[in-house]
Number of protein chains: 2
Amino acid sequence: MQLILGGVTGDSDSGRRAAAGPARDEAVDAIHRELTAFARRARARTARLHPDLSLVTYSMLDHLKESGGCRATDLAAHFLLDKSTVSRQTAALERLGLVVREPDPDDQRGQLLRPSERGLRVLADAHEQRRASFAERLAGWDDDDLERLAEYLRRYNAAG
Amino acid sequence: MQLILGGVTGDSDSGRRAAAGPARDEAVDAIHRELTAFARRARARTARLHPDLSLVTYSMLDHLKESGGCRATDLAAHFLLDKSTVSRQTAALERLGLVVREPDPDDQRGQLLRPSERGLRVLADAHEQRRASFAERLAGWDDDDLERLAEYLRRYNAAG
DNA sequence: AGTATAAGTTGCACAGTGCAACCGAAGGGG
DNA sequence: CCCCTTCGGTTGCACTGTGCAACTTATACT
């Protein structure tokens, strides 16, 4: 997923950046508040959409697909989770038949995790449900605004 | 917290809005992915910042301050949580001495919840910590971009 | 070879959550 | 005026997600 955008002032040489001030503080506050509000609701909402696929397992399965398969340790690093948590979630995904394990050819200690056929189908289904829910929420938005918001969020998360 | 902004095309009469297309789908996908990535990390991060004040209790305490005091039921409605969850979280806040209960003068069944003196102090402290962490993350951002992002998020959450 | 390191699993504890059952106080017809 | 409903709140129960620590096994390095 790549976005090629113009118009977002990511070039950090603009003279007005990082100017402390009340307006800026308010913007930071608002971003803080709205992002946490989103975080709070996301968990509750996604739990209802697809019973077998929580927010976490969905994200993991998605990452396995996007990365073309990786080890549990890589998942833990990517999602900033403890390896025990990853171990349990991947075990659950395996029990559901959504991922398959194969020995890592490069390192006999590790296992490569990949989505199974069924995993890919369930993922596509869940993805479509979620995308539809998002699209509905964003229905009234201008294309330019959508692209700017997408780029802002990518920039924000990339910084962390 | 109010932001008065220009430049955000919230007027939904623009001719290019809601035009389905691959670019728009990619933007929606990216927003979906980045927001969930944020949600995933927010919980883990905020848990470390202030041990007594989780993301949930912090948000509740903040809402009690901003609303000037409200009932548990109001918190549940605002945060889309079960009343039992709110009951437990507010009980925890009370045990910590961060909120006080007083009988609701209008309805003897309910109790008004307010931050205590100490609650206000702890809240201000936690707020400052979080704001600093956010400000650091957003240090390289142009003021205009910050305000646009804040407005986008407000608009997004308001729609839900 | 022997030791340190890395991947993964498992036991344990704990927070957050929802549902259902319950209690007590208002409130609204009969 | 009394009963019955409704509403605010608490508690018991179960379940998920999580981290830490201990352990197992396999690799890597000196």
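Lettering of chains follows the sequences in order, A, B, ..., and the numbering in each one begins at 1.
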**Fill in**
Contact string for nucleotides 20-25 of chain C, one letter per nucleotide 5' to 3', B = base within protein heavy-atom range under 4.0 Å, S = sugar-phosphate only, - = neither, reads ----BB

**Prompt:** When the nearest nucleotide of DNA chain C is assigned to A:Asp74 and to B:Val56 on a heavy-atom basis, which residue is associated with the more 5' position?
**Reply:** A:Asp74

**Atom pair distance, as rounded to whole Å: CG in B:Asp104 and P in C:dG27** = 11 Å

**Request:** Before accepting this row, confirm whether a basic side-chain N of the pair B:Glu151/B:Arg154 lies closer than 4.0 Å to the acidic partner's carboxylate O.
**Result:** yes

**Request:** Measure the distance from CG on A:Leu81 to P on D:dC20 and round it to the nearest whole Å.
**Result:** 11 Å

**Asked** Roughly, in whole Å, what's the span from CG in B:Leu75 to C1' in D:dG8?
**Response** 13 Å

**Request:** Mind running a 4.0 Å heavy-atom check of residues 95-103 of chain A against DNA chain C and sending the residues that fall below it, in number order?
**Result:** A:Arg101

**Prompt:** Residues in side-chain hydrogen bond (donor to acceptor under 3.5 Å, both in side chains) with A:Asp104, at least two apart?
**Reply:** none

**Request:** Go through the structure and list residues passing side-chain contact (heavy atoms from CB on, under 4.5 Å) with A:Arg131, not counting sequence neighbours.
**Result:** A:His127, A:Glu128, A:Ala135, B:Asp25, B:Val28, B:Asp29

**Asked** What pairs with B:Val100 under side-chain contact (heavy atoms from CB on, under 4.5 Å), at least two apart in sequence or on another chain?
**Response** B:Arg114, B:Ser116

**Pairs satisfying salt bridge (Lys or Arg N to Asp or Glu O under 4.0 Å), at least one member in residues 55-65 of chain A, at least two apart** = A:Asp62-B:Arg33

**Message:** For the CD atom on A:Glu102, are there more than 12 heavy atoms of other groups (residues, nucleotides or ligands in this structure) within a distance under 6.0 Å?
**Reply:** yes

**Fill in**
Across all chains, not counting sequence neighbours, the side-chain contact (heavy atoms from CB on, under 4.5 Å) partners of B:Arg88 are B:Ser84

**Request:** Go through the structure and list residues passing side-chain hydrogen bond (donor to acceptor under 3.5 Å, both in side chains) with B:Ser59, not counting sequence neighbours.
**Result:** none

**Request:** Could you note down all residue pairs passing salt bridge (Lys or Arg N to Asp or Glu O under 4.0 Å) where residues 71-85 of chain B supplies at least one of them, sequence neighbours left out?
**Result:** B:Arg71-B:Asp74

**Request:** Name all residues meeting the side-chain contact (heavy atoms from CB on, under 4.5 Å) criterion together with A:Thr73; count only those two or more places apart in sequence or in a different chain, and write none if there are none.
**Result:** none

**Item:** Within residues 85-94 of chain B: residues closer than 4.0 Å to DNA chain D (heavy atoms)
**Value:** B:Ser87, B:Arg88

**Partners meeting side-chain hydrogen bond (donor to acceptor under 3.5 Å, both in side chains) with A:Arg109 (sequence neighbours left out)** = A:Asp107

**Request:** Map B:Ala72 and A:Asp106 onto DNA chain D by nearest heavy atom, then report which one ends up closer to the 5' terminus.
**Result:** B:Ala72

**Prompt:** Rounded to the nearest Å, what distance is computed from the CE atom of residue B:Met60 to the C1' atom of nucleotide C:dG16?
**Reply:** 10 Å

**Message:** What is the distance, to the nearest angstrom, from the CG atom on B:Leu112 to the P atom on D:dG8?
**Reply:** 13 Å

